[in-house]
Number of protein chains: 2
Amino acid sequence: MSARFEPLAFAPGYRRVAGEIAARILDRTLKVGEPLPSELELAAQFGVNRSMIREALRELESADLIARRRGTKRMVVVRPAAAQVAGRLRQAFALNDVTVREVWQMLEVLEPPAAQSAAAARTPATLARIESAVAGYRGAHRQAPLAVEGVGEFFRAIAGASGNRLLPLIQEPLLQLLAAALGVLIEAVPPARERIGIAQERICAAIADGDGELARNWMAKHVRDFRRGFELCRIELDTPVPLG
Amino acid sequence: MSARFEPLAFAPGYRRVAGEIAARILDRTLKVGEPLPSELELAAQFGVNRSMIREALRELESADLIARRRGTKRMVVVRPAAAQVAGRLRQAFALNDVTVREVWQMLEVLEPPAAQSAAAARTPATLARIESAVAGYRGAHRQAPLAVEGVGEFFRAIAGASGNRLLPLIQEPLLQLLAAALGVLIEAVPPARERIGIAQERICAAIADGDGELARNWMAKHVRDFRRGFELCRIELDTPVPLG
DNA sequence: GATGGCCTTATTGTCGGACAATCATACTAT
DNA sequence: ATAGTATGATTGTCCGACAATAAGGCCATC
């Protein structure tokens with residue numbers, strides 16, 4: 001009675017086709033930017049009907065492995081970028097009823113080391129982006145939507161300067177999830193606008209000086225401050241983040 | 001000449017259909033577990049051909065918004081779980097040529113706070129899982145593949161105990177990416193097996209005691225140790241992680 | 001020589017219908 | 001209650017078709 005059998009896996013054709021093509025993309029046989037063969041040719045090569053190919057293509061398209069440049073017909077292989085991955089992740093997070101508190105906790109963990117790394121790995125280009133983000137926020141922090149965008153760009157600039165390409169990818173969905181709550185915060189707690197601006201400037205200065213320790217500390221304070229702000233404007237931390 | 005126009009966005013039918021259904025899932029009109037209408041019915045409702053519906057379904061399927069329970073016909077709405085999200089993320093990371101160093105850095109950032117949170121938020125159930133993971137590693141650390149699995153399960157147990165549902169989702173792809181390098185490490189550096197076991201026990205004990213500080217410190221040491229191990233067995237930190 | 005118009009062809013988006021395989025269900029017989 | 005059987009619904013896959021539109025070549029024009 002110990003004869004345990006694995007359920008034998010069937011796979012519909014469109015899934016196998018998608019898998020085959022995906023494998024070629026992942027092992028770089030199909031390079032990024034390269035156009036895919038036409039649907040009819042793929043159908044001929046796989047020996048199946050075009051409908052099946054199309055279903056497989058939709059699957060790959062949704063997985064961000066292929067895409068069509070605007071106004072063009074041919075599909076090309078693409079490398080999933082932060083924005084696409086973030087969208088998918090945000091969806092998953094939102095459907096799992098993630099709370100504002102959880103998102104904020106992740107930022108509390110991620111951002112201080114990010115600032116520290118940025119101070120160590122900064123380059124003229126990345127530094128310029130951070131400074132421009134700070135200036136942008138300064139110039140726009142009076143309108144809530146623009147201010148939210150500015151805060152996001154600041155964090156993106158920091159993550160980009162950290163030299164770790166995982167950070168932007170992981171951070172992006174968190175920022176998107178927090179955007180709504182941030183908007184409320186900035187709208188409802190005017191002093192927060194000023195505090196954010198000051199914190200950004202300190203962090204930016206510390207990074208420019210290459211002072212990782214200082215950048216880290218200021219960033220930690222900055223993130224903690226967001227939480228205070230949420231409490232001030234009565235955003236319930238344990239309610240699920242609103243869906244985009 | 002400042003008349004700048006937005007490119008007017010057209011969207012093929014299958015994409016709009018997928019968008020409509022996705023919206024219903026995200027706003028909870030369609031609840032998790034609920035079966036989708038049949039393809040013919042959807043086609044009738046949208047007033048389009050079944051082919052189009054099928055392409056839209058493939059898109060949603062690939063986005064992990066719908067799925068089919070094994071051996072059944074009807075599609076049901078699902079909530080994307082860690083495993084699925086992780087797979088997608090891992091793909092994105094791998095295609096972006098993320099290096100072992102970057103993955104390791106993220107763990108260095110994430111894991112110590114995770115251990116600390118776990119010490120604070122532990123419950124009998126989560127503690128039991130951690131202990132069972134430690135015991136499992138102890139029992140299996142002689143065979144490299146099992147040991148890698150054990151290390152993964154340890155980290156998963158910690159993240160699960162942290163009380164933050166984002167952590168498992170973010171951590172999972174990192175573990176998957178590191179699995180290959182870990183296998184090499186455990187195979188090539190026998191003393192590492194023992195060191196890992198000891199670190200796990202210390203961390204586990206600290207969490208059981210509710211000593212967050214201690215758990216954090218041991219975890220930091222533990223993660224740093226991995227890096228030493230990689231250097232010992234000459235895994236080049238700046239080569240891209242191998243694809244799964 | 002670059003630009004714009006025009007034609008042909010290839011390709012995609014969408015439709016309709018078809019059929020076998022198989023899942024779901026109700027019914028029957030044991 | 002269980003196993004077998006018949007029936008209908010649904011999916012997987014195929015075929016063929018056609019309109020709309022990129023792609024690419026050719027030509028006239030300036």
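Proteins come first, then strands; the chains are lettered A, B, ... in the order of their sequence lines, and each starts at number 1. In what follows, every heavy atom counts, from backbone to side chain, and hydrogens, waters and symmetry copies are set aside. Quick caveat, the model's predicted, so the values are computed rather than measured.
- Between the side chain of B:D64 and the backbone N or O of B:V78 there is no donor-acceptor pair closer than 3.5 Å.
- Annotation: salt bridge (Lys or Arg N to Asp or Glu O under 4.0 Å) contacts involving residues 37-55 of chain A, sequence neighbours excluded, comprise A:E39-A:R50, A:E39-A:R54, A:R54-B:E55, A:E55-B:R54, A:E55-B:R58.
- Residues satisfying the salt bridge (charged side-chain N to carboxylate O under 4.0 Å, His left out) test with A:R129, not counting sequence neighbours, are A:E153.
- In terms of the side chain to side chain donor-acceptor pair (under 3.5 Å) criterion, residue partners of B:E111 (sequence neighbours excluded) are, by chain and number, B:Q171.
- Between A:N164 and B:R101 there is no side-chain heavy-atom pair separated by less than 4.5 Å.
- For A:R74 and C:dT11, the shortest distance from a side-chain N or O to OP1 or OP2 is below 4.0 Å.
- Listed by first and then second residue, the side-chain hydrogen bond (donor to acceptor under 3.5 Å, both in side chains) pairs that reach into residues 75-88 of chain A come to none, sequence neighbours excluded.
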For nucleotides 20-22 of chain C, tabulate all protein N/O to nucleotide N/O atom pairs closer than 3.5 Å, reporting atom names and distance.
from, atom 1, to, atom 2, distance (Å)
C:dT22, O2, B:K73, NZ, 3.4

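- A heavy-atom distance below 4.0 Å to DNA chain C is reached by these residues of residues 30-46 of chain A, ordered by number: A:S38, A:E39.
- C:dG13 atom C1' lies 11 Å from atom CZ of B:R16, rounded to whole Å.
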Review item, side-chain donor-acceptor pairs of residues 172-180 of chain A, under 3.5 Å, at least two apart:
from, atom 1, to, atom 2, distance (Å)
A:E172, OE1, A:R156, NE, 2.8
A:E172, OE2, A:R156, NE, 3.4
A:E172, OE2, A:R156, NH2, 3.4
A:E172, OE2, A:Q176, NE2, 3.3
A:Q176, OE1, A:R90, NE, 2.5

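- Judged purely by distance below 3.5 Å, without hydrogens or angles, the side chains of A:D27 and A:T29 pair a donor atom with an acceptor atom.
- Taking the nucleotide of DNA chain D with the nearest heavy atom to each of A:T72 and A:Y14, the more 5' of the two is matched to A:Y14.
- Summarising the geometry, the separation between CE on A:M75 and C1' on C:dT12 is reported as 9 Å, rounded to the nearest angstrom.
- Between the B:E102 side chain and the A:L166 main chain, no donor and acceptor come within less than 3.5 Å of each other.
- B:F155 pairs by the ring-ring contact (aromatic ring centres under 6.0 Å, His included) definition with B:H222, not counting sequence neighbours.
- For B:R74, the side chain to side chain donor-acceptor pair (under 3.5 Å) test picks out no residue, with sequence neighbours left out.
- Remark: the A:N49 side chain and the A:S51 side chain contain an N/O donor-acceptor pair separated by less than 3.5 Å.
- Non-hydrogen atoms lying under 4.0 Å from DNA chain D are contributed by A:V48, A:N49, A:R50, A:S51, A:M52, all within residues 47-63 of chain A.
- Residues satisfying the side chain to side chain donor-acceptor pair (under 3.5 Å) criterion with A:S38, sequence neighbours excluded, are absent altogether.
- Taking 4.0 Å as the cutoff to heavy atoms of chain A, we find the contact window on DNA chain D bounded by D:dG12 to D:dA23.
- Using a 4.0 Å heavy-atom criterion, one finds that B:R68 contacts the sugar-phosphate atoms exclusively.
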